[in-house]
Q: 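Below is one structure. I have some questions about it.
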Amino acid sequence: MWMAVHVASPRIWSRDLQKAWSTWGCRLCSQSSSGTQPSHPPRTQAEKAKRRQAREKAILTSDVNDPGLIWSDKEKITYTAALIPGEKKDTTLPIPQSYSPEYVEFGWYQWWEKQGFFSPEQHSKQPHAVDKYFSFCIPPPNVTGTLHLGHALTVAIEDALARWRRMQGYKVLWVPGCDHAGIATQSVVERMLMREHGKCRRDYSREEFLKQVWRWKNEKGDEIYHQLRKLGASLDWNRACFTMDPGFSSAVTEAFVRLCDSGLIYRSEGLVNWSCALESAISDIEVDSKELSGRTLLSVPGYQQKVEFGFMLTFAYPLEGQQGEVAVSTTRPETMLGDVAIAVHPDDPRYKDLHGKHCRHPFTERLLPIVTDPMVDVTFGTGAVKVTPAHDHTDFLLSQRHSLPRLTVIGGDGTMTSDCGQWLEGVKRFDARERVITALMERKLFRGKKDHPMSLPICSRSGDVIEPLLKKQWFVRCQEMGRKAVQAVEEGDLQIIPHFYTKMWKSWLSNISDWCISRQLWWGHQIPAYRVTVENSKDTDEQEQWVWGRSAAEARQRAAVKFGVNPDAITLTQDPDVLDTWFSSGLFPFAMLGWPQQTEDLKQFYPNSILETGSDLIFFWVARMVMLGRELTGQLPFKQVLFHSLVRDKYGRKMSKSLGNVIDPLDVISGVSLETYPLSSMDRWICNRLYSTVQQCERGFQSYELHTVTSALHSFWLHSLCDVYLESIKPVLKGEGSGSEEQRDRERQVAAAVLYHCVSISLTLLSPFMPFLTEELWQRLLPYADSDGTSRSLCVQPYPKTSQLEHWCFPKEEADFSLVQEVVRVARLLRAQCQLTKERPDLWAVCAQDQAETLVRFRSAVCTLGRISALHLHCPEAGFSDSPPPPKASAVGVVDHSICLHLSVQNGINVDKQRALLSQRREKLASKLTQALARTQMPNYAEKVPNRVRQETENKIAALEQELKNIEDQLLALEETQGKKSNGHQFNQ
């Protein structure tokens, strides 16, 4: 099929880049067109196995720069004959000799659609029609964005199934759809309103904000459907379904009411995954786990400084009424304000005498009972655990068994509540963490802090650290529905393909917990439940009264019957929350056909024949469709489930906008410039710098702060493009390197293409300020572009937009590059200290494993910019090294208090001169250290000097002490080197 053709012929070079590179004296790699193949003797089974293993290893260890994959550009040939959209193409015209999607695909889809070939109503007109139907839905992508190659794989598989069944004579219905994507869409619109109007969501009423969302959806929401058409998906567009359409919304309301009536939906107080940045609960699928091996600084939304995680802190609670204390350990010291008890294992001999005793909370004066529970892990920390039921899932269960109170000390906005006291009320949670630690130290209750490997829950939507919060929400009881879903597979009513997923299906559904379906958003299906207030009643937060209904009128009538009062005596307040997007998506197989109405489509095409999707949705979508479908319709929503594997990047990660690794399938069809380039880390860094510069220019023009635009452009041209990127790629452009000739050619091509685009776009950015110079330079750059020779001017070119350059956004590379720059700076400093001018010595970096991973990716840039011949990495703590330890005779420098750089200076150095330089440096540092230490010994230093200043001083002292130690090591190494030379001289005499 046509899709296979696109995959078999990847094109990442646009024609202007091909011209540019060939003009610069370089050649493009191209596939051989020879049809003859040399004959080879048949290979043995052992040889075949060896070649297969080699291919698998290459796939797992290499990137798209693999020499086995030849990227080439093909000439674009378009269909130029006159054609009215929807009319059939003239196939008597000669077809191009080489395949061109622009020519071949032109016009066909409009003709197919106009002819109605994708509609099941065409079935009766087919001479080969059979009395069978084949129905299914496309997994509805989010309305917020565009499809990536993962979606394209789904579409390719499903389109093949639909076309195959249609050609077999089946009555085929393949329904397109789009999901309203509550959190994602609301976030996109909020950012748009802030960018365009300087307003946040709370500046609008709910109705006004929803109008803005619908306006955005109507303007931007059809991009996915355009992509699906370009992919050739044979969908019935007359039945396209959006989850916020009136009919679908009615189905959502009906489902909620029915499930409430049957007792499967209930309202309760429970712990939920809470994103403080979004101020909403989020679903399990929107929580990512970040594995930390120890103390790690991470960026958190709303905080200017990075926050430390991956540690365990131990502090003491004083015993009440007797001498002694109980030490507890925690990774979240800020939650200790919500502690209501201390738990120990009943068989732990260390605490046998303390069962039933109490401790006194040092800040709230609350008495904390010491309870015993077999759930306590005696090996964790001190064996005694603090119990914080309102902020920890395990502690919540423990509080239920021991009837403990639940005290919420962190609010929905991520600040500490009034229950913490005035000293912490309103303080952000991670700022409060530092205050709590300081206060524990002041009260002499701090007992230590150490590295602690942990899994940190992160909100995939906002990047925020998830906070478990106690909230009153609506939940779905899942145990019985889950049991029926397992039974359906075991009895063969539902077939899962491949079969090995059945074990995962049974395991998860057999241990399923209740599902929180409340979301604190405005965009989505507002929950059709109403809080009831009856005249002269005493309704409190603890004794809420709720009803539900298909409308407010029905809910009022239900309330009147339930409470035995006149409907006019009732005040209803609808729950402001909306339902989890996965709840409405779970209704898709039957709601798309008109349920709850008994439509002809529902009668003909339900249950669906199959559900095809990626294996990552087995629980969060597929299982919920099965549970809800069986409960609400009395039938399974489909007979088969077909899972396909996921499209992943070279690191094994699935495609995700947040990771920046998505590829637009239209780019695979039409060819692009840099979106699908196999970019190096340096390429990605300069692309991100350019993206950030375009972003700064946009903001500066919109706010009329033109100085910020010129400042951003000056910084990009001078400090990023010329000083760093251009210098780093000079060896690449010269063809230097250790790879094969083909690989070096490819690296040259990529670097030149990136450079071309950076220069072209940044000239366009600069044009409003320097029209003459930029026009001159741009016109000289024009011959390298795809010019048709007509008059063109830079002043009429479109100004770059970040929306067009999102594929160049690589924030991780920019964040990591600060470490690289520091390593280069210190390496150059060491070269200067050693008075090395022409020599390019080796450099050793003794560092942590995560730092080594960054330096490996930027190794080439470090060598070029630092003017060293080789960079050796040594990680003693992780047991990793790509070379022997650094030599003793080396100059040593420190980067960020954590990386030791050793510059090899064994040859060509004046030992006496180097010793004198180091001695002078030692004297200066010793003087600075003495002054710094003197400041810390002033009277009342701890009370008078702010904590921030004290911390800065301590860091400075530590750095000075480390550098002095390094100098002593260097002097000792020089002595040893001179001693060896003297011994060698005596031996020779």
Side-chain angles (χ1 to χ4, degrees), residues 266-274 276 281 315-321 325-346 351 354-377 380-427 429 432-433 436 439-440 445 466-473 475 513-514 516 518 538-544:
Y266 65 96
R267 185 172 175 83
S268 178
E269 187 175 54
L271 278 180
V272 297
N273 299 317
W274 189 268
C276 297
F315 67 93
Y317 275 124
L319 284 166
E320 176 69 10
E325 64 181 32
V326 177
V328 296
S329 298
T330 179
T331 59
R332 302 165 66 212
E334 67 276 10
T335 64
M336 63 89 66
L337 278 301
D339 289 356
V340 298
I342 298 170
V344 299
H345 195 282
Y351 304 106
L354 299 182
H355 296 181
K357 305 284 186 177
H358 290 78
C359 287
R360 178 73 65 176
H361 199 291
F363 304 129
T364 66
E365 296 301 318
R366 196 166 48 246
L367 281 177
L368 309 180
I370 300 175
V371 300
T372 61
D373 196 286
M375 280 184 62
V376 176
D377 181 1
F380 180 82
T382 64
V385 296
K386 57 192 284 296
V387 181
T388 321
H391 298 282
D392 184 271
H393 292 280
T394 302
D395 293 359
F396 180 77
L397 297 175
L398 196 146
S399 73
Q400 290 178 318
R401 289 196 299 276
H402 296 275
S403 301
L404 297 172
R406 299 158 189 166
L407 188 63
T408 297
V409 294
I410 301 176
D413 61 352
T415 63
M416 308 304 285
T417 67
S418 58
D419 288 328
C420 301
Q422 291 185 352
W423 69 297
L424 284 181
E425 183 180 359
V427 177
R429 52 183 170 155
R433 171 181 292 184
V436 168
L440 288 170
L445 296 174
I466 294 298
E467 190 68 47
L469 288 189
L470 197 60
K471 295 285 184 179
K472 289 184 177 180
Q473 310 274 270
F475 293 84
S513 56
D514 288 355
C516 173
S518 296
K538 297 181 180 179
D539 182 22
T540 65
D541 287 342
E542 289 74 23
Q543 297 177 333
E544 297 177 345

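By convention here, the first residue in the shown sequence is residue 1.
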Q: Nearest 0.5 Å please: distance from the CG atom of Asn273 over to the NZ atom of Lys471.
A: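 The distance works out to 13.5 Å.
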Q: Could you check whether any side-chain heavy atom of Val340 comes within less than 4.5 Å of a side-chain heavy atom of Ser399, counting everything from C-beta outward?
A: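 Of all side-chain heavy-atom pairs linking Ser399 with Val340, none is under 4.5 Å.
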Q: Mark yes when over 12 heavy atoms from residues, nucleotides or ligands other than Glu365 sit less than 6.0 Å from its CD; otherwise mark no.
A: yes
Q: Please check: side-chain N/O of Thr364 versus main-chain N/O of His361, any donor-acceptor pairing under 3.5 Å?
A: no
Q: Val326 vs Lys357, test: side-chain contact (heavy atoms from CB on, under 4.5 Å). Steps then yes/no.
A: CA-CA 11 Å; Val326 177; Lys357 305 284 186 177; over 6 Å; no
Q: Looking at Thr408 and Leu470, would you say the former's side chain and the latter's main chain have a donor-acceptor pair under 3.5 Å?
A: no
Q: Parallel, tilted or perpendicular: which fits the ring planes of Tyr266 and Phe475, with parallel below 30° and perpendicular above 60°?
A: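 Ring orientation, 0 to 90° scale: parallel.
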Q: Under the salt bridge (charged side-chain N to carboxylate O under 4.0 Å, His left out) test, which residues partner Glu320, sequence neighbours left out?
A: Arg360
Q: What's the spacing between Asp413 CG and Cys276 SG if we round to 0.5 Å?
A: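 One gets 7.5 Å once the value is rounded to the nearest 0.5 Å.
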Q: Check the pair Arg332 / Thr388 against side-chain contact (heavy atoms from CB on, under 4.5 Å), numbers first and verdict last.
A: CA-CA 10 Å; Arg332 302 165 66 212; Thr388 321; over 6 Å; no
Q: Please identify each residue that fulfils salt bridge (charged side-chain N to carboxylate O under 4.0 Å, His left out) with Arg406, with sequence neighbours left out.
A: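 Partners of Arg406 under the salt bridge (charged side-chain N to carboxylate O under 4.0 Å, His left out) test: none.
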Q: Of all heavy-atom pairs between Ser329 and Gly381, which one has the smallest distance, and what is that distance?
A: OG-CA, 3.5 Å
Q: Drop me the distance from Glu269's CD to Phe396's CZ, to the nearest 0.5 angstrom.
A: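 That separation rounds to 7.0 Å.
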Q: Under the salt bridge (charged side-chain N to carboxylate O under 4.0 Å, His left out) rule, what pairs show up with a residue in residues 382-392, not counting sequence neighbours?
A: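 Checked against salt bridge (charged side-chain N to carboxylate O under 4.0 Å, His left out) - neighbours excluded - the pairs reaching residues 382-392 are Asp339-Lys386.
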Q: How long is the straight-line distance from OG of Ser518 back to NZ of Lys472, given to the nearest 0.5 Å?
A: 12.5 Å
Q: Ser418: what forms a side-chain contact (heavy atoms from CB on, under 4.5 Å) with it, not counting sequence neighbours?
A: Glu425
Q: Taking the side chain as every heavy atom from C-beta outward, state whether Ile410 and Cys420 have any pair of such atoms under 4.5 Å apart.
A: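 Result no, sub-4.5 Å side-chain heavy-atom pair not found.
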Q: So, for Gly411 and Leu469, which heavy atoms are closest and what is the spacing to 0.1 Å?
A: O-CD1, 3.8 Å
Q: Verify side-chain contact (heavy atoms from CB on, under 4.5 Å) between Val344 and Leu354, making sure each step is shown before the conclusion.
A: CA-CA 9 Å; Val344 299; Leu354 299 182; over 6 Å; no
Q: Report yes or no: does Thr382 contribute a side-chain atom to a donor-acceptor pair with the main-chain N or O of Ala327 at less than 3.5 Å?
A: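 Answer holds: yes.
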Q: Where is the tightest heavy-atom contact between Val376 and Gly383, given as atom of each residue plus distance?
A: CG1-O, 3.4 Å
Q: Using salt bridge (charged side-chain N to carboxylate O under 4.0 Å, His left out) as the criterion, list what pairs up with Asp373, not counting sequence neighbours.
A: Arg401
Q: If you take all heavy atoms of Arg429 and Met416, which pair is closest and at what distance?
A: CA-SD, 3.9 Å
Q: Of all residues at least two apart in sequence or in a different chain, which pass the side-chain contact (heavy atoms from CB on, under 4.5 Å) check with Ala281?
A: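 Applying side-chain contact (heavy atoms from CB on, under 4.5 Å) to Ala281 gives Val272, Trp274, Gln473, Arg519, Gln520.
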Q: Find out whether Tyr351 and Ile370 are in side-chain contact, i.e. whether some heavy atom of one side chain is under 4.5 Å from a heavy atom of the other.
A: no
Q: Kindly give the heavy-atom pair with the smallest separation between Leu271 and Ala390, and that separation in Å.
A: CD2-O, 3.3 Å
Q: Show, in sequence, the C-alpha distance, side-chain angles and deciding distance for Leu424 and Val436, and conclude whether the side-chain contact (heavy atoms from CB on, under 4.5 Å) test is met.
A: CA-CA 9 Å; Leu424 284 181; Val436 168; 3.9 Å; yes
Q: Would you say His391's side chain and Val409's backbone share a donor-acceptor pair under 3.5 angstrom?
A: yes
Q: To check you understand the geometry: which heavy-atom pair defines the closest contact between His355 and Pro346, and what is its length?
A: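 What the structure gives for the nearest pair is CE1-O, 3.5 Å.
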Q: Which value, rounded to the nearest 0.5 Å, describes the distance between Leu440 atom CG and Met336 atom CE?
A: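 CE of Met336 is found 5.0 Å from CG of Leu440.
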